[in-house]
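It should be emphasised that the depicted structure is a prediction, and the values quoted were computed from it without experimental measurement. Both backbone and side-chain heavy atoms feed into the values below; hydrogens, waters and symmetry mates do not.
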There are 2 protein chains.
Amino acid sequence: MTQPGPVPKPPTLRDVAQRAGVHSGTASRALNPRTRSMVNSDTVKRVLRAAAALGYEPNPIARSLRTNKTHTVGMFIPDVSNPLFSSMVRGVERVLSEQDYALLLADTDNSVERESSLYTALRGRQVDGLVIATAQRDSPLIDRMLTDQVPFVLVNRVSLEHSTLAVTGDEASGVRQAVAHLAGLGHTRIAYLAGPQRTSTGVVRLAAFRQSMLEHGFTPLPEEIVECASWSEEAGSEAMARLCAAGLAATAVVAGNDMIAAGCYDVLREFGIGCPDDVSVIGFNDMPFVDKFSPPLTTVRLPNRELGEEGAALLLDRMAGQAPIAKTIVLPVSLVVRGSTAPPR
Amino acid sequence: MTQPGPVPKPPTLRDVAQRAGVHSGTASRALNPRTRSMVNSDTVKRVLRAAAALGYEPNPIARSLRTNKTHTVGMFIPDVSNPLFSSMVRGVERVLSEQDYALLLADTDNSVERESSLYTALRGRQVDGLVIATAQRDSPLIDRMLTDQVPFVLVNRVSLEHSTLAVTGDEASGVRQAVAHLAGLGHTRIAYLAGPQRTSTGVVRLAAFRQSMLEHGFTPLPEEIVECASWSEEAGSEAMARLCAAGLAATAVVAGNDMIAAGCYDVLREFGIGCPDDVSVIGFNDMPFVDKFSPPLTTVRLPNRELGEEGAALLLDRMAGQAPIAKTIVLPVSLVVRGSTAPPR
DNA sequence: TTGTATGCGTTATCAA
DNA sequence: TTGATAACGCATACAA
């Protein structure tokens, strides 16, 4: 059994310098790839060898204090436990870790207050940049980042007020594909269960729906477009119930996302309305297990993980001064046709 | 339109001290609750006022350099995009942020090498502690943390070799409840689709299954216990197919987790075997949407978020020197009975 | 090409 | 109770 014993202090730059027989400044230059050219290649070799022998790792804290860079990126999301966002987190984390950046995660819980206090905390920790996947439209976050001049990129949302770096799925195309698919099946009366209009995604999708309907020459009745209180199953149920109560004449329903579609399923079953026999349903996001629904859900797949990856890459470029201040990357989305859509009868 | 303009440098301790007419050392003591008692209460007031006026925020980098504490905790998980883990992350993040700790997330992707290099990276960043939710049994991670004497807590797993801090669901009870439920319905031939035995969870659940069967006086045939290559739907399908190929005599199947159960569903359908009519199925985890399966999946619910919360709290205690070095907290689990289980016919 | 010196913003030690 | 001063480990401007 090994004794606990004190942990030996990690070697510092000076230890390395001493062992290599040079001064710490030289060791610093030799170790830093960017300044390495300033030093004799023999010396470089000696320093490198000494560093390796001692198992030297630069102390990022000290480095940060000196350089004002932390090699750390913060990410704001409403809720990690939502698969939609966790996929983005995964993408972000993956790209960052490849470049030796660390990810500081902040769950805002959809609270603007919490977002604000977390922002202060992250700023205090001197994150070099921020990935924003929260989409509350009334949040002052973007303004604050702009005045603080901290590099950031919006993921899965855009700003209507400012031009910024952003990576987003082609929401409009997704909605268009959904409507076109239904139209192709012969549907003409299509209802829409919109996500909350206080979120960026909510308004973008709804606008795209209206536009798509127009393009097909369909004119949805006002009561056939109902806004959900949140992106949840419960809100979806509630909205769908309202739709049914109003006397459902539509033969198809497009839901703002899969959660809402799931709520929709519940109400359909409750009312004894068959899917897809009586009404077709389309969701959004292609969340895990929606292919196991009965019937399996037709839905629009967003490249969430890629969204995160592209966002992180863009931010990294920006922080390196390689990217413009504003630029929007739009990633393609695809309709995944499953069993919840069929011709109207 | 406001001009970009340079961002004013944030005020430092010396700015505060100057404004309060004291020395920076005094200001430091006045600001720090722990040392505040050493300073005249009038002076404290002056300093506090000055700090507030300037909007002073201590620079955590400088503080860390001095104190060797970063107020940062790292978390290792196999995959954030798995709802199981993302719930834990949420729990951890929640508790940490309440105490002004930040969470550094590290996705190991089930790779021991990646885990190792991420560990080096996080150590370098001087995290004050670690939450470990990866469960590869052959990983040297625990040994390294032990020798490095970095505080850590295991979540959703235990170490068979060392005694450590750990928070886990009552896996054995979960399995027992599952088996008891099936036995109560009249099943006597129960098969088990085990998770990979290189994971801690995999072995714990399998052992519990064997034990539970024994307690009921049931003796599963060797071919009725099959190990899946991973915790995935595909692996579940494959294992279930093997079970069927061997001539399925069991009337019920317990799956190592919900993913495996989902794979099981696919094969059942393929073979034209009815669930729950011909065979009952039980999963593990109660993942989102398993209630939407057809039939809705009976499963064991683990308090994943609470696991994360308790883990973080325990780690915080430990880091404050308030918790013992080794202690296991076991959280209760519950069986959620849905449509995939019924009496055998 | 290398050495020297200084400072990043804090906390802690030692005097006063 | 307060002030002065020295680190913490690194990067860099300047000198040699």
Side-chain angles (χ1 to χ4, degrees), chain A residues 7-48 50-51 54-72 100 123-128, chain B residues 7-48 50-51 54-72 100 123-128:
Chain A
V7 176
K9 287 194 65 171
T12 76
L13 195 51
R14 283 163 63 162
D15 298 327
V16 175
Q18 201 163 359
R19 190 178 224 269
V22 297
H23 275 256
S24 61
T26 310
S28 171
R29 285 183 285 252
L31 257 7
N32 191 328
R34 232 189 46 261
T35 51
R36 187 169 297 163
S37 55
M38 301 178 189
V39 34
N40 184 302
S41 61
D42 274 359
T43 320
V44 169
K45 226 175 281 176
R46 274 216 318 287
V47 172
L48 256 28
L54 293 173
Y56 170 75
E57 290 288 339
N59 180 329
I61 310 282
R63 178 179 282 169
S64 296
L65 184 59
R66 197 49 236 265
T67 60
N68 278 324
K69 298 260 159 291
T70 53
H71 247 65
T72 300
D100 287 318
R123 279 257 56 200
R125 282 166 182 282
Q126 319 245 118
V127 293
D128 296 339
Chain B
V7 176
K9 288 194 63 169
T12 74
L13 196 52
R14 282 163 64 162
D15 298 328
V16 175
Q18 200 162 0
R19 191 179 225 269
V22 296
H23 203 257
S24 60
T26 309
S28 172
R29 286 184 285 253
L31 258 6
N32 190 327
R34 232 189 45 261
T35 50
R36 187 168 296 161
S37 55
M38 301 179 188
V39 34
N40 185 302
S41 60
D42 274 359
T43 321
V44 169
K45 225 175 282 179
R46 274 217 317 289
V47 172
L48 257 26
L54 294 174
Y56 169 75
E57 291 287 338
N59 180 330
I61 311 281
R63 176 178 285 169
S64 295
L65 184 60
R66 196 54 236 255
T67 60
N68 279 325
K69 298 259 160 291
T70 54
H71 247 64
T72 299
D100 286 318
R123 279 255 58 199
R125 281 166 183 284
Q126 319 246 117
V127 293
D128 295 339

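Under the rule for a side-chain contact (heavy atoms from CB on, under 4.5 Å), the partners of A:Thr12 that lie at least two apart in sequence or sit in another chain are A:Arg14, A:Asp15. Every side-chain hydrogen bond (donor to acceptor under 3.5 Å, both in side chains) that B:Thr70 has, sequence neighbours left out, goes to B:Asp128. Shown here are the side-chain hydrogen bond (donor to acceptor under 3.5 Å, both in side chains) partners of A:Arg125, two or more places apart in sequence or in another chain: B:Thr72. In this view, B:Asn40 and B:Asp42, B:Thr43 satisfy the side-chain contact (heavy atoms from CB on, under 4.5 Å) rule, not counting sequence neighbours.
Helix-axis bend for the helix from C:dT1-D:dA16 to C:dA16-D:dT1: the local axis fitted to the five terminal pairs at one end deviates from that at the other end by 40°, rounded to 10°.
When DNA chain C is scanned in the 5' to 3' direction for atoms under 4.0 Å from non-hydrogen atoms of chain A, the outermost contacting nucleotides are C:dT1 to C:dG9.
Shown for residues 27-45 of chain A: residues whose heavy atoms fall under 4.0 angstrom of DNA chain C, namely A:Arg29, A:Met38, A:Val39, A:Asn40, A:Thr43.
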Under 3.5 Å, N/O pairs linking protein and nucleotides 5-8 of chain D:
| residue | atom | partner | partner atom | Å |
| --- | --- | --- | --- | --- |
| D:dA7 | N3 | B:Arg66 | NH1 | 3.2 |

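Rounded to whole Å, atom C1' of D:dG9 lies 10 Å from atom CD of B:Gln126.
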Side-chain donor-acceptor pairs of residues 29-37 of chain A under 3.5 Å, sequence neighbours excluded:
| residue | atom | partner | partner atom | Å |
| --- | --- | --- | --- | --- |
| A:Asn32 | OD1 | A:Arg34 | N | 3.0 |
| A:Thr35 | OG1 | A:Arg29 | O | 3.0 |
| A:Thr35 | OG1 | A:Asn32 | O | 3.2 |
| A:Arg36 | NE | A:Ala30 | O | 2.7 |
| A:Arg36 | NH2 | A:Ala30 | O | 3.4 |
| A:Arg36 | NH2 | A:Leu31 | O | 3.0 |

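Summarising the geometry of B:Leu65 relative to A:Leu65, their closest heavy-atom pair is CD2-CD2, 3.3 Å, with the distance given to 0.1 Å. Residues B:Val47 and B:Ala20 come closest through the heavy atom pair CA-CB, 3.9 Å. Across all their heavy atoms, A:Ala17 and A:His23 have their closest contact at CB-C, 3.7 Å.
Taking CZ of A:Arg63 as the reference point, atom NE2 of A:His71 lies at 7.5 Å (rounded to 0.5 Å).
Between the side chain of A:Ser64 and the backbone N or O of A:Pro60, at least one donor-acceptor pair lies under 3.5 Å.
Applying the 6.0 Å contact sphere to CD of A:Gln126 captures more than 12 heavy atoms from other residues, nucleotides or ligands.
Within 4.0 Å (heavy atoms only), B:Leu13 reaches at least one base atom of the nucleic acid.
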